[in-house]
Amino acid sequence: QIGNEYEVKVVKITDYGCFCELESGLSTLLHSSEISWTKKNISPKKMFQVGDVIKCQITEIDKDKRRVAISHRLTQENPYTKLENSYPVGSDIEGVVNNSNEYAIYLKLGDFDIDGFLHSNDLSYTGKPDEELKKYKKGEKLKVRILEIKTTDQKVRVGLKQLQNDPFDWFKNKNLKDVVTVKVIS
């Protein structure tokens, strides 16, 4: 039945998944996208061997195409839901820089096997994003604020500048045409 968990036996491994037997003569495909919550483009050969017996959940039964789809990851707790329960949006969490590119930093968040996406625009209120990116190195620990968790898309967006005071907060109690005193700096 769809939604039920079963033990299946891995009988063949390909680049795109594993063929598994629910019972003798009833094969099904465990697609590589259904192996892990957090590992993208995972090689099934690194996870399983022919003969392994693993837990899977049936996700689709198509009698016309004579196809049954299963998921291994659905038998495990979704780490994004666990993160959201422990650290809801607005919470602060420690992370370790594990990757970066020309516009963002990726951090492994806490004890979760989840990467947080830290866009260069969320590094500082005043610094230039491309210059701010250069300040952070792989392995460096950072405290960040969780800005968004997309459980279904398996994405987490975090921010660093959100832990600091926004310089524009100075204007909160000011109105248009108010007179203010300033200091010339340049």
Side-chain angles (χ1 to χ4, degrees), residues 2-3 16-17 30-43 46-47 57 59-60 69 71-186:
I2 292 175
Y16 55 87
L30 170 58
H31 192 269
S32 59
S33 64
E34 290 298 324
I35 290 175
S36 171
W37 286 107
T38 56
K39 294 176 177 71
K40 306 288 182 227
N41 303 320
I42 191 168
S43 170
K46 290 183 178 175
M47 291 290 293
Q57 185 180 107
T59 57
E60 180 187 2
S71 171
H72 178 64
R73 73 180 183 165
L74 290 177
T75 64
Q76 301 154 353
E77 184 178 18
N78 183 337
Y80 293 88
T81 303
K82 190 176 177 184
L83 174 73
E84 192 169 32
N85 292 336
S86 302
Y87 295 91
V89 171
S91 300
D92 298 343
I93 188 170
E94 291 258 329
V96 178
V97 176
N98 64 5
N99 207 350
S100 66
N101 58 28
E102 64 276 0
Y103 59 87
I105 292 173
Y106 297 88
L107 302 116
K108 181 183 179 295
L109 299 176
D111 295 330
F112 300 88
D113 191 18
I114 293 176
D115 280 349
F117 173 79
L118 175 53
H119 195 276
S120 58
N121 291 337
D122 287 318
L123 288 169
S124 167
Y125 283 110
T126 54
K128 293 181 180 170
D130 53 337
E131 290 174 11
E132 290 293 318
L133 270 175
K134 294 174 187 169
K135 293 180 180 179
Y136 303 97
K137 304 291 177 229
K138 194 171 183 172
E140 188 172 346
K141 286 185 180 181
L142 293 176
K143 187 175 188 178
V144 292
R145 179 153 299 150
I146 296 184
L147 305 178
E148 182 179 31
I149 300 174
K150 291 184 179 178
T151 307
T152 51
D153 297 337
Q154 292 146 26
K155 293 183 179 169
V156 179
R157 194 169 60 87
V158 297
L160 186 65
K161 74 180 183 183
Q162 288 77 2
L163 296 174
Q164 304 154 4
N165 291 328
D166 184 346
F168 276 83
D169 285 349
W170 187 83
F171 293 99
K172 275 185 179 173
N173 61 355
K174 309 289 187 282
N175 295 309
L176 204 59
K177 297 186 180 181
D178 276 3
V179 176
V180 296
T181 303
V182 297
K183 179 180 178 184
V184 176
I185 58 169
S186 175

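Positions are given from 1 along the sequence. Note that the structure is a prediction, hence the values are computed from the model and not measured.
A donor-acceptor contact shorter than 3.5 Å links the side chain of N101 to the backbone of A104. Between the T75 side chain and the H72 main chain, a donor and an acceptor come within less than 3.5 Å of each other. Judged by distance alone, the side chain of W37 and the main-chain N or O of Q154 form no donor-acceptor pair under 3.5 Å. Checking side-chain atoms of S120 against main-chain N and O of Y103 turns up a donor-acceptor pair under 3.5 Å. Under the 3.5 Å distance criterion, the side-chain polar atoms of R145 are matched with a main-chain donor or acceptor of Q162. A donor-acceptor distance shorter than 3.5 angstrom exists from the side chain of D178 to the backbone of N175, with no hydrogens or angles considered.
For the atom pair CG of L133 and NE2 of H119, the computed distance is 8.5 Å after rounding to the nearest 0.5 Å. To the nearest 0.5 Å, the span separating CG on D169 from CD on Q164 amounts to 12.0 Å. Here Y87 contributes atom OH and D92 contributes atom CG; the two are 10.0 Å apart, rounded to the nearest 0.5 Å. The structure places CG of D111 at 10.0 Å from OG of S86, a figure rounded to the nearest 0.5 Å. Distance check: M47 CE to L30 CG gives 9.5 Å after rounding to the nearest 0.5 Å. Expressed to the nearest 0.5 Å, how far OG of S32 lies from NZ of K46 amounts to 12.5 Å.
Residues I146 and P88 approach most closely at CB-O, 4.3 Å, considering heavy atoms. Of all heavy-atom pairs spanning K150 and E148, the tightest one is CE-OE2, 3.1 Å. Between I114 and P79 the shortest heavy-atom distance is CD1-O, 3.3 Å.
Defined by atom type and a distance below 3.5 Å, a donor-acceptor pair is present between the side-chain atoms of T151 and E84.
L123 places a side-chain heavy atom less than 4.5 Å from the side chain of I105. You'll find the side chain of V180 reaches within 4.5 Å of the side chain of K174, heavy atoms only. Residues L107 and N98 fail the side-chain proximity criterion, which asks for heavy atoms closer than 4.5 Å. The shortest distance between side-chain heavy atoms of T59 and I2 does not fall below 4.5 Å. Residues K155 and F117 have side chains not in contact (no heavy-atom distance under 4.5 Å, counting atoms from C-beta outward). Residues N99 and V97 form no side-chain contact, since every pair of their non-hydrogen atoms from C-beta on lies 4.5 Å or further apart.
In this structure, K172 fails the cation-pi test against W170, since its NZ or CZ atom is not both closer than 6.0 Å to the six-membered ring centre and inside 45 degrees of the ring normal.
Screening N78, D113, D115 for a side chain to side chain donor-acceptor pair (under 3.5 Å) with T38, the sole residue that qualifies is D113.
Using a cut-off of 4.0 Å between Lys/Arg side-chain N and Asp/Glu carboxylate O, E132 and K135 are scored as salt-bridged. The pair R73-E34 meets the salt-bridge criterion, since a charged nitrogen lies less than 4.0 angstrom from a carboxylate oxygen. Taking a cutoff of 4.0 Å between a charged side-chain nitrogen and a carboxylate oxygen, R157 and D122 qualify as a salt bridge.
More than 12 heavy atoms of other residues, nucleotides or ligands shown are found within 6.0 angstrom of CG on N85. Atom NZ of K161 has more than 12 heavy atoms from other residues, nucleotides or ligands within 6.0 Å.
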### Task
Determine, step by step, whether L118 and Y106 satisfy the side-chain contact (heavy atoms from CB on, under 4.5 Å) criterion, reporting the C-alpha distance in whole Å, the side-chain angles of both residues, the deciding distance to 0.1 Å, and the verdict.
CA-CA 6 Å; L118 175 53; Y106 297 88; over 6 Å; no
